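Both ligands and their constituent atoms are indexed starting at 1 by order of listing. Since the structure is predicted, the reported quantities are computational estimates derived from the model, not experimental observations.
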Amino acid sequence: MALIVQKFGGTSVANQERIRSVAQRVAETYDQDNDLVVVVSAMSGVTDRLIQMAKEAMENPDRRELDVLLATGEQTTASLLALTLRGMGYPTRSLLGYQADVVTDRSYGNARIIEIGARRIQALLRERNIVVVAGFQGHDLNGDITTLGRGGSDTSAVAIASAIRADICEIYTDVDGIYTADPNVCPRARKLKEISYDEMLNMASLGAKVLQIRSVGFAKKYNIPVHVRSSFSREEGTMVISEHEGMESVAVSAVSHDKDQARITLKKVPDQPGIAAKIFGPIADSGIVVDMIIQNTRAGGQTDLTFTVPKADFKRALQIQKEVAQAIGAEDVFGDPDIAKVSVIGVGMRNHSGVAAIMFNTLAKERINIMMISTSEIRISCVVEEKYTELAVQVLHTAFGLDREEEAG
Ligand code: ASP
Ligand code: MG
């Protein structure tokens, strides 16, 4: 007997028929004598539609009121699943975010969970109820409804799992696990049996497509094993767990890519104290997140400085830098939105040498130019021209021995 949190995403509860098959799965787990909390998303497409409706009502929707509206998506599915289970004869209760005591800060639309007072959930569990909780929502200290950002029901599930000290959090979704690369880009990508929290946190877009990254931070902090798996099959998915020794036997576990990047370069910047602050201060003030930064020194007390920002912020960042360049006396500013970041990730990198060399050689063989490089303890990233993204991912995937065996026949 175990204490299990199961989370079902939007496609898994997209209509009544699918809610019924979710209910069957839940019932099966319950019948195996497990204690069970089920967290649900809104039906797929509903959150988008609600946002659209809000925009029709008010051009730039008031954020508090928007959250009141968005929370209804998950309220609907929580109730429908509870009704279905009760109809099948199972003792079940649904709870909204505030009833489950999910306390957040006040950042409507992107609130962070402060704590979960799991008393009510635990009381219901003690009476052998199946507890269904509406994901994605909480309340602030004023009692106002908040939502946790897109994809936030993953974080609801992991946070609830940590609050009730669940043995495992199962995330049921429309993919069957985490892959060594995006299968749409790299046909030879393999499903991973397991991956560490830190690798997952470093996989950026590859991981973020499957789990809200914030949920992985929670899982790591409270050491909750997360099983990412498909709600449409019985196959095992991928376990996201804390690192263990066996994981270090391979140097690279995954290759990820991120096309959502743009590059800005300031040419011939005076090489003086305070200049970097003048360049990045206004960017930070306007809420733009800088990812990579490179500074190269040239002769004559001047340097070139290059950094990347999300594509959506490119025009704004470029405009800001044009003004900064004038103010600090830089020669020129130019930008390039057609870039991509390709990364290799693996905890094994710590004890395998030469990973960077293999990466650079592999790209060189394909004549792919590396524009920027950044590294962390378990990741190496290169910025390349966007049109080489697919090629770069594929050749790196092969070079690090990640390719799936060709299926016979
Ligand atoms: N329904 C919300 C969304 O679409 C939350 C979630 O599905 O995790 O983003
Ligand atoms: Mg999701």
Report all side-chain donor-acceptor pairs from residues 191-199 shorter than 3.5 Å, counting only partners two or more places apart or in another chain.
from, atom 1, to, atom 2, distance (Å)
Lys191, NZ, Glu235, OE1, 3.0
Lys191, NZ, Glu236, O, 2.8
Glu194, OE1, His244, NE2, 3.4
Glu194, OE2, His244, NE2, 2.5
Ser196, OG, Glu199, N, 3.2
Ser196, OG, Glu199, OE1, 3.2
Tyr197, OH, Ile224, N, 3.3
Tyr197, OH, Ile224, O, 2.6
Asp198, OD1, Lys220, NZ, 2.9
Glu199, OE1, Ser196, N, 3.1
Glu199, OE2, Ser253, OG, 2.6
Glu199, OE2, Val347, N, 2.9

Task: Donor-acceptor side-chain pairing of Ser94 and Ser79 below 3.5 angstrom - done: no
TODO: Might you work through the ring pair (Phe, Tyr, Trp, His ring centres under 6.0 Å) test for Tyr172 and Phe232, ending with a clear yes or no?
DONE: CA-CA 9 Å; Tyr172 288 88; Phe232 304 110; 10.0 Å; no
For each nitrogen or oxygen atom of ligand 1, which protein N/O atoms lie closer than 3.5 Å, and how far apart are they, rounded to 0.1 Å?
from, atom 1, to, atom 2, distance (Å)
ligand 1, 1 (N), Thr47, OG1, 2.8
ligand 1, 1 (N), Glu74, OE2, 2.7
ligand 1, 4 (O), Thr47, OG1, 3.3
ligand 1, 4 (O), Arg150, NH2, 2.9
ligand 1, 7 (O), Ser41, OG, 3.1
ligand 1, 8 (O), Gly152, N, 3.3
ligand 1, 8 (O), Ser153, N, 3.0
ligand 1, 8 (O), Ser153, OG, 2.4
ligand 1, 9 (O), Arg150, NE, 2.7
ligand 1, 9 (O), Gly151, N, 2.9

Task: SB check Lys341 Asp258 (cutoff 4.0 Å) - done: no
Open item on the list: Whether Arg128 engages the ring of Tyr30 as a cation-pi pair (distance to the six-membered ring centre under 6.0 angstrom, angle to the ring normal within 45°) should be assessed.
Closed with: yes
Open item on the list: Quick check against the 3.5 Å criterion: does Asp260 have a side-chain atom that pairs as donor or acceptor with the backbone of Lys311?
Closed with: yes
